[in-house]
**Student:** 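A single structure is presented below for examination.
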Amino acid sequence: MAEEDVVPKTFRALVESADRKFARVRDLPSYGRAQGQHYFQKVFKAYMRLWKYQQEHRAELVKAGLNRWEIGEIAGRIGQLYFGQYMRTSEARFLVEAYIFYEAILKRRYFEGCGVKDLRVRFKELRFYARFLLVSLILNRTEMVKVVVEKLRALIDDCKANFRETNFKEWKLVEQEILRFINIDTTFTIPSSRPFRYCAMLNCHPNSVPYVARFHAKKVLKFRDAILMSYHRNEVKFAELTLDVYRMLQCLEWEPSGSFYQKHPAEPKENGVAVDYSGASGLIDMNLAADMTDPALPPNPRKAILYRPSLTHLIAVMATICEELPPESIMLVYLSASGTPGQINTSHVETSGGSRRTRKSMLTSHSSLEQNCSATESHINGVKGPSDYYNDYLWLGPKGNGGSSNLYPGDIIPFTRRPLFLIIDSDSSHAFKAGLTWCRKGRESCSSAFTIETNF
């Protein structure tokens, strides 16, 4: 009898060990080039060991009471890890691996058939559908999104009927978010629309494009990092992915495989599929993803996606990425937020957390910039002077939060010491274009390159 307990006890110990390691990396920030890579290797190894063990001892574990949803939970954690790595590295192979694991859970129906009264398992299934929807959206699998939305809706209705004492309002909001998202996004409303990603099936191969170095005789910069930020009230979003950031995310990536643009039926089959999705060797080692990506395409730039960040958090992320930017590289910053144009005065500065001393410091800084750049505050050829750096701004905060949530053009100036491509999607974009253009002209020693796109 003791020998029969060895397998389940070993399995539980592996589960607890993997869960502890998972907790270490779950909340790590998605930006920075050296954030917890050592821990990620450990947690991947732990789940690989756990996945192989449950395969090799499936019969003994089922006899000891292992439920199918527990196997699905392990596969779901592995999918979470792969998606987390994709968010940190933007490597398409991680996104494809996450999709493979989630699709296997759906087709093998790991969560279906469990006890209706088990509310804890139902919440696990709801979270699985939400994560699968996010992966399918980013991977542009529109047919699968529609399938999972229907399953999520049916599950929410079933939970509301069987657990009347539990409030599922939050999950109803999730359902409404995804329905609103797919009703507005052109990928779903216009089936024949081309994907935002660069697709080898629809676009010419990079090798056939004339080399761009002749337009940059002095220096050729590589696009390595991007920051995508959105802060609007009542914006279209799913989870923390807004529609504008979603489209920018798609535009900054290569299509992992041309076959992903094919419209295949996504309804799960009764008997599963021919590929053994529960196998450990091919999936854990990412061999399948390697076969589905084109090695001839350049790597995707790393992207830090920020949903409604505070001003200090945005500045901290920009500083971290700017500091880690490799030589001969350029960083793209996309900022989508509303603006409030108008003149700033002393009373406004004081009521928004500033003081007369802060105002004096601003004026001193403006005077210093004027002397260094040998320019006047008057408009020259339609370009504003340095006093306009703090007149218009982007609003990154709740209503009535004051100037502590205002992003001014002057806040961007320190980051122009590195190559920067700035996109301001706002009604105040003109202020950033004018202010930073003036700064660039005044600082000839500055090595930055600007391209300001205004108000899409």
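In this chain, residues are counted from 1 in sequence order. Every heavy atom of this structure was used, including side-chain atoms; hydrogens, water molecules and symmetry mates were not.
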**Student:** Residues in side chain to side chain donor-acceptor pair (under 3.5 Å) with Ser310, at least two apart?
**Tutor:**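 Side chain to side chain donor-acceptor pair (under 3.5 Å) list for Ser310, sorted by chain: Thr312.
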**Student:** Which heavy atom of Asp411 sits nearest to which heavy atom of Asn406, and what is that distance?
**Tutor:**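 That would be OD2-O, 3.8 Å.
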**Student:** Return the OG1 to OH distance between Thr242 and Tyr307, rounded to the nearest 0.5 Å.
**Tutor:** 8.0 Å
**Student:** Which pair of non-hydrogen atoms, one from Phe111 and one from Gly72, has the smallest distance, and what is that distance?
**Tutor:**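 Smallest heavy-atom distance, with atoms named: CZ-C, 4.0 Å.
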**Student:** What do you reckon, is NZ of Lys146 surrounded by more than 12 foreign heavy atoms closer than 6.0 Å?
**Tutor:**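 Check passes, neighbour count above 12.
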**Student:** Do Arg77 and Tyr47 form a cation-pi contact, if we require the NZ or CZ to be under 6.0 Å from the six-membered ring centre and within 45 degrees of the ring's axis?
**Tutor:** no
**Student:** Is the side chain of Tyr82 donor-acceptor paired with the backbone N or O of Ile100 at a distance under 3.5 Å, no angle test?
**Tutor:** no
**Student:** Verify the neighbour count for atom CZ of Arg24: are there more than 12 heavy atoms of other residues, nucleotides or ligands below 6.0 Å?
**Tutor:**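 At most 12 heavy atoms, drawn from other residues, nucleotides or ligands, come within 6.0 Å of this atom.
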**Student:** Would you check if Leu332 and Leu228 make a side-chain contact, meaning some heavy-atom pair closer than 4.5 Å?
**Tutor:**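 Side-chain contact under 4.5 Å: yes.
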**Student:** Kindly indicate whether the side chain of Val236, heavy atoms from C-beta on, has any atom under 4.5 Å from the side chain of Asp185.
**Tutor:** no
**Student:** Which pair of non-hydrogen atoms, one from Pro309 and one from Leu396, has the smallest distance, and what is that distance?
**Tutor:** O-CB, 4.2 Å
**Student:** Under the criterion side chain to side chain contact (heavy atoms under 4.5 Å, CB included), I'd like the reasoning laid out for Phe83 against Leu134: C-alpha separation, chi angles, the key distance, then a yes or no.
**Tutor:** CA-CA 10 Å; Phe83 182 70; Leu134 188 58; 3.7 Å; yes
**Student:** So does Glu125 pair up with Arg122, basic N to acidic O under 4.0 Å?
**Tutor:**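 Looking at Glu125 and Arg122, the cut-off is met.
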**Student:** Using the test salt bridge (Lys or Arg N to Asp or Glu O under 4.0 Å), find all partners of Glu70 that sit at least two apart in sequence or belong to another chain.
**Tutor:** Arg12
**Student:** Please identify each residue that fulfils salt bridge (Lys or Arg N to Asp or Glu O under 4.0 Å) with Glu73, with sequence neighbours left out.
**Tutor:** Lys124
**Student:** Going by side chain to side chain donor-acceptor pair (under 3.5 Å), name the residues that satisfy it together with Arg153, two or more places apart in sequence or in a different chain.
**Tutor:**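 Residues passing side chain to side chain donor-acceptor pair (under 3.5 Å) with Arg153: Glu175.
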**Student:** Side chains of Val174 and Leu126: closer than 4.5 Å at any heavy-atom pair?
**Tutor:**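 No; the side chains remain at least 4.5 Å from each other.
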**Student:** Answer yes or no: is there a donor N or O on one side and an acceptor on the other, between the side chain of Glu328 and the main chain of Lys222, under 3.5 Å?
**Tutor:** no
**Student:** Judged by atom type as modelled, is there a donor-acceptor pair below 3.5 Å linking the side chain of Arg224 to the main-chain atoms of Ser329?
**Tutor:** no
**Student:** Under a 4.5 Å cut-off applied to non-hydrogen side-chain atoms, are Ile315 and Leu407 in contact?
**Tutor:** yes
**Student:** Can you tell me how far the CD1 atom of Ile78 sits from the CZ atom of Phe44, to the nearest 0.5 Å?
**Tutor:** 9.0 Å
**Student:** For side chain to side chain contact (heavy atoms under 4.5 Å, CB included), just list the numbers for Val148 and Ile178, CA-CA rounded to whole Å, side-chain angles, deciding distance to a tenth of an Å, and then say yes or no.
**Tutor:** CA-CA 10 Å; Val148 180; Ile178 187 61; over 6 Å; no
**Student:** Among residues at least two apart in sequence or on other chains, which ones pass side-chain contact (heavy atoms from CB on, under 4.5 Å) with Gln176?
**Tutor:** Lys172, Leu173
**Student:** Looking only at non-hydrogen atoms, find the nearest pair between Tyr99 and Ser136 and report the distance.
**Tutor:**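 Distance-wise, the nearest heavy atoms are CE1-OG, 3.7 Å.
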**Student:** Donor-acceptor check, side chain of Arg418 to backbone of Ile330, threshold 3.5 angstrom: yes or no?
**Tutor:**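 Here the side-chain-to-backbone pair does not exist.
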**Student:** In terms of side-chain geometry, is the basic nitrogen of Arg141 or Glu103 positioned less than 4.0 Å from the acidic oxygen of its partner?
**Tutor:** no
**Student:** If you take the centroid of each ring, where Trp contributes its six-membered ring, are Phe101 and Phe128 closer together than 6.0 Å?
**Tutor:** no
**Student:** Show the numbers, then the answer: is there a side chain to side chain contact (heavy atoms under 4.5 Å, CB included) between Glu97 and Gln85?
**Tutor:** CA-CA 10 Å; Glu97 289 287 0; Gln85 280 295 82; over 6 Å; no
**Student:** Please name all residues satisfying side chain to side chain donor-acceptor pair (under 3.5 Å) with Glu240, sequence neighbours left out, ordered by chain then number.
**Tutor:**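 Expected list: none.
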**Student:** Does Asn300 reach the main-chain N or O of Ser90 with its side chain, forming a donor-acceptor pair under 3.5 Å?
**Tutor:** yes
**Student:** Which atom names give the shortest non-hydrogen contact between Phe181 and Lys237, and what distance separates them?
**Tutor:** CD1-C, 3.7 Å
**Student:** Under a 4.0 Å threshold between the charged nitrogen and the carboxylate oxygen, would Glu91 count as salt-bridged to Arg93?
**Tutor:**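 Between Glu91 and Arg93 there is a salt bridge, with a charged N closer than 4.0 Å to a carboxylate O.
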**Student:** Keeping the roles fixed (side chain from Ser429, backbone from Asp425), state whether a donor-acceptor pair exists under 3.5 Å.
**Tutor:** no
**Student:** Does Phe123 reach the side chain of Thr166, with side-chain heavy atoms less than 4.5 Å apart?
**Tutor:**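 Side-chain contact under 4.5 Å: yes.
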**Student:** I would like to know whether Tyr334 and Leu252 meet side chain to side chain contact (heavy atoms under 4.5 Å, CB included); could you show each step before the answer?
**Tutor:** CA-CA 11 Å; Tyr334 171 78; Leu252 300 179; over 6 Å; no
**Student:** With rounding to the nearest 0.5 angstrom, report the CD1 to CD1 distance, Ile423 to Ile227.
**Tutor:** 12.5 Å
**Student:** Would you check if the side chain of Asp158 reaches a backbone N or O of Ala154 as a donor-acceptor pair within less than 3.5 Å?
**Tutor:** no
**Student:** Which heavy-atom pair separates Leu106 from Met144 by the least distance, and what is that distance?
**Tutor:** CD2-SD, 3.7 Å
**Student:** To the nearest 0.5 angstrom, please state how far the CG atom of Leu394 sits from the CG atom of Leu314.
**Tutor:** 9.0 Å
**Student:** Quick test of your reading of the model: are Glu324 and Arg302 salt-bridged, counting only N-O distances below 4.0 Å?
**Tutor:** no
**Student:** Using 0.5 Å steps for rounding, measure from the CZ atom of Arg108 to the CZ atom of Arg68.
**Tutor:** 7.5 Å
**Student:** In Å, rounded to the nearest 0.5 Å, how long is the span from CZ of Phe415 to CG of Leu325?
**Tutor:** 12.5 Å
**Student:** Any heavy-atom pair between the side chains of Gln80 and Tyr102 that's under 4.5 Å?
**Tutor:** yes
